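Below you'll find the structure, written out as structure tokens, and then a few comments.
As the structure is a prediction and not an experimental result, all values here were calculated from the model.
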Amino acid sequence: METIRGSIYDYPKYYDVLFGADCAAEMRFLQAAFRRYARRRVRRVFEPACGTGRMLIRLSKAGYAVSGLDLNPKAVDYCNRRFRQAGKKPPAVLGDMTDFSLPRPCDAAYNAINSFRHVGDERAAVNHFRCMAEAVAPGGIYVIGLHLTPNRPPQCTEEAWVARRGMLQVNSLMQSLSLDRRARKERVRLQFDVYTPRRCFRIVDEFDFRTYTAEQFRGLLKKAGGWEIAAVHDFRYDIDDVIPLDDCTEDAVFVLRRVG
């Protein structure tokens with residue numbers, strides 16, 4: 001099989017196929033979270049690190065006014081093209097989620113699984129939450145999902161799944177290669193095996209995620225200011241299943257509420 005070494009995010013079509021599998025569950029969860037946790041009516045939704053716009057397009061079709069930003073120009077272009085094809089105004093701009101401002105505050109925001117962990121140091125992470133505190137109106141919520149590092153060996157160091165769209169199939173393998181708790185870095189390998197009617201090939205990417213224990217994430221929010229933890233769920237996206245946040249928590253979907 002031909003192997004391409006490069007950024008997974010430079011292949012938005014295949015990324016969108018693979019990570020679109022949970023969209024229905026995520027949509028149900030987000031809308032339920034808007035109703036349950038926001039202290040204002042949610043009309044405007046913002047997504048930092050919006051990628052291909054897989055959630056933005058669904059939120060838009062559900063009647064929300066949406067906007068997003070992403071560092072990858074190929075992802076931003078893919079997102080905006082899908083909106084144009086749907087007869088809608090393109091919502092995504094090229095930007096850094098640690099240094100941005102919105103022309104008008106939103107009522108809710110959403111950040112998908114581990115996107116925030118690409119932010120590589122404490123200062124940039126604090127800047128992200130301060131920017132988000134300016135972006136989300138008081139009483140609004142920010143739903144952010146990430147894998148925490150428990151104070152024990154992680155239970156999951158490898159994930160594999162398959163997704164199909166028409167004649168296209170993408171097989172994914174994500175592996176944790178190393179974990180340095182002192183440096184707060186996890187080295188991750190992500191592999192896409194892509195099958196089309198005429199071609200099959202493999203895309204391989206390696207990158208570092210910043211690690212967070214539950215205590216470190218709480219400390220980050222305190223340092224940034226402007227947020228309270230309204231609830232913690234997991235990646236089953238069950239709005240009625242609130243999980244504890246402690247030293248053993250690994251999969252976490254935080255519902256943060258803007259205070260002040």
Side-chain angles (χ1 to χ4, degrees), residues 7-31 33-34 37-38 40-119 124-125 127-137 140-146 224 226-227 235 237 253-258:
S7 172
I8 291 295
Y9 304 111
D10 285 339
Y11 299 87
K13 178 179 179 179
Y14 309 128
Y15 183 95
D16 193 72
V17 169
L18 195 65
F19 288 93
D22 282 343
C23 282
E26 289 177 77
M27 271 294 294
R28 287 192 296 271
F29 178 82
L30 280 178
Q31 292 182 291
F34 296 164
Y37 298 116
R40 58 186 297 120
R41 184 176 176 184
V42 175
R43 296 185 178 93
R44 304 176 63 85
V45 182
F46 170 67
E47 185 177 1
C50 65
T52 63
R54 65 185 183 89
M55 293 303 298
L56 288 182
I57 190 66
R58 289 165 173 82
L59 288 163
S60 177
K61 289 179 178 179
Y64 298 94
V66 300
S67 60
L69 63 78
D70 200 280
L71 269 177
N72 189 293
K74 294 181 179 179
V76 169
D77 180 64
Y78 186 97
C79 174
N80 287 336
R81 278 191 288 112
R82 82 189 310 167
F83 270 76
R84 291 190 189 100
Q85 289 167 0
K88 294 176 176 287
K89 182 180 177 181
V93 298
L94 197 64
D96 186 337
M97 67 175 168
T98 69
D99 184 15
F100 71 92
S101 62
L102 298 185
R104 177 180 173 185
C106 63
D107 305 305
Y110 172 73
N111 189 289
I113 300 170
N114 283 324
S115 298
F116 168 68
R117 291 180 62 202
H118 284 293
V119 176
N127 286 344
H128 169 71
F129 280 104
R130 287 177 176 168
C131 286
M132 290 301 299
E134 293 295 323
V136 178
I141 62 170
Y142 180 22
V143 179
I144 179 169
L146 64 156
W227 298 102
F235 292 121
Y237 297 115
V253 178
F254 291 90
V255 181
L256 309 180
R257 187 160 47 230
R258 178 73 171 87

Practice task
Kindly indicate whether the side chain of Pro91, heavy atoms from C-beta on, has any atom under 4.5 Å from the side chain of Asn80.
Solution key: yes

Handout entry: Contact check, side chains of Met132 and Ile144, non-hydrogen atoms, under 4.5 Å
Key = no

Completion exercise
Heavy atoms of Leu102 and Ala135 approach each other most closely as CD1-CB, 3.6 Å

Practice task
List for me each residue that meets side-chain hydrogen bond (donor to acceptor under 3.5 Å, both in side chains) alongside Thr52, sequence neighbours excluded, and say none if there are none.
Solution key: Asp16

Exercise for the section: Evaluate the side-chain proximity of Tyr237 to Glu26: yes if any heavy-atom separation is below 4.5 Å, no if none is. Expected result: yes

Handout entry: Within 6.0 angstrom of Arg41 CZ, more than 12 heavy atoms from elsewhere
Key = no

Problem - Between Tyr64 and Phe34, ring centroids under 6.0 Å - result: yes

Handout entry: Pairwise side-chain contact, Trp227 with Arg258, heavy-atom cut-off 4.5 Å (strictly under)
Key = yes

Exercise for the section: Could I get the full list of side-chain hydrogen bond (donor to acceptor under 3.5 Å, both in side chains) partners for Arg40, not counting sequence neighbours? Expected result: Asp107

Exercise for the section: Please lay out, stage by stage, how Asp70 and Tyr78 fare under the test side-chain contact (heavy atoms from CB on, under 4.5 Å). Expected result: CA-CA 11 Å; Asp70 200 280; Tyr78 186 97; over 6 Å; no

Exercise for the section: Using a 4.5 Å cut-off on heavy atoms from C-beta on, say whether the side chain of Pro90 contacts that of Arg84. Expected result: yes

Problem - Polar side-chain atom of Arg58 near backbone of Arg54 as donor-acceptor pair, under 3.5 Å - result: yes

Handout entry: For Phe46, the option from Phe100, Tyr142, Tyr110 that meets side-chain contact (heavy atoms from CB on, under 4.5 Å)
Key = Phe100

Practice task
For the residue pair Met55 and Val66, establish whether any side-chain heavy-atom pair is separated by less than 4.5 Å.
Solution key: no

Practice task
Please state whether the rings of Phe129 and Phe116 are parallel, tilted or perpendicular, taking 30° and 60° as the class boundaries.
Solution key: perpendicular

Practice task
State which residues pass side-chain hydrogen bond (donor to acceptor under 3.5 Å, both in side chains) with Arg130; sequence neighbours excluded, sorted by chain then number.
Solution key: none

Handout entry: Within-4.5 Å side-chain heavy-atom neighbours: Leu71 and His118
Key = no

Exercise for the section: For the residue pair Ile113 and Phe19, establish whether any side-chain heavy-atom pair is separated by less than 4.5 Å. Expected result: no

Practice task
Verify whether one side chain among Asn127 and Asp99 offers a donor that lies under 3.5 Å from an acceptor in the other.
Solution key: no

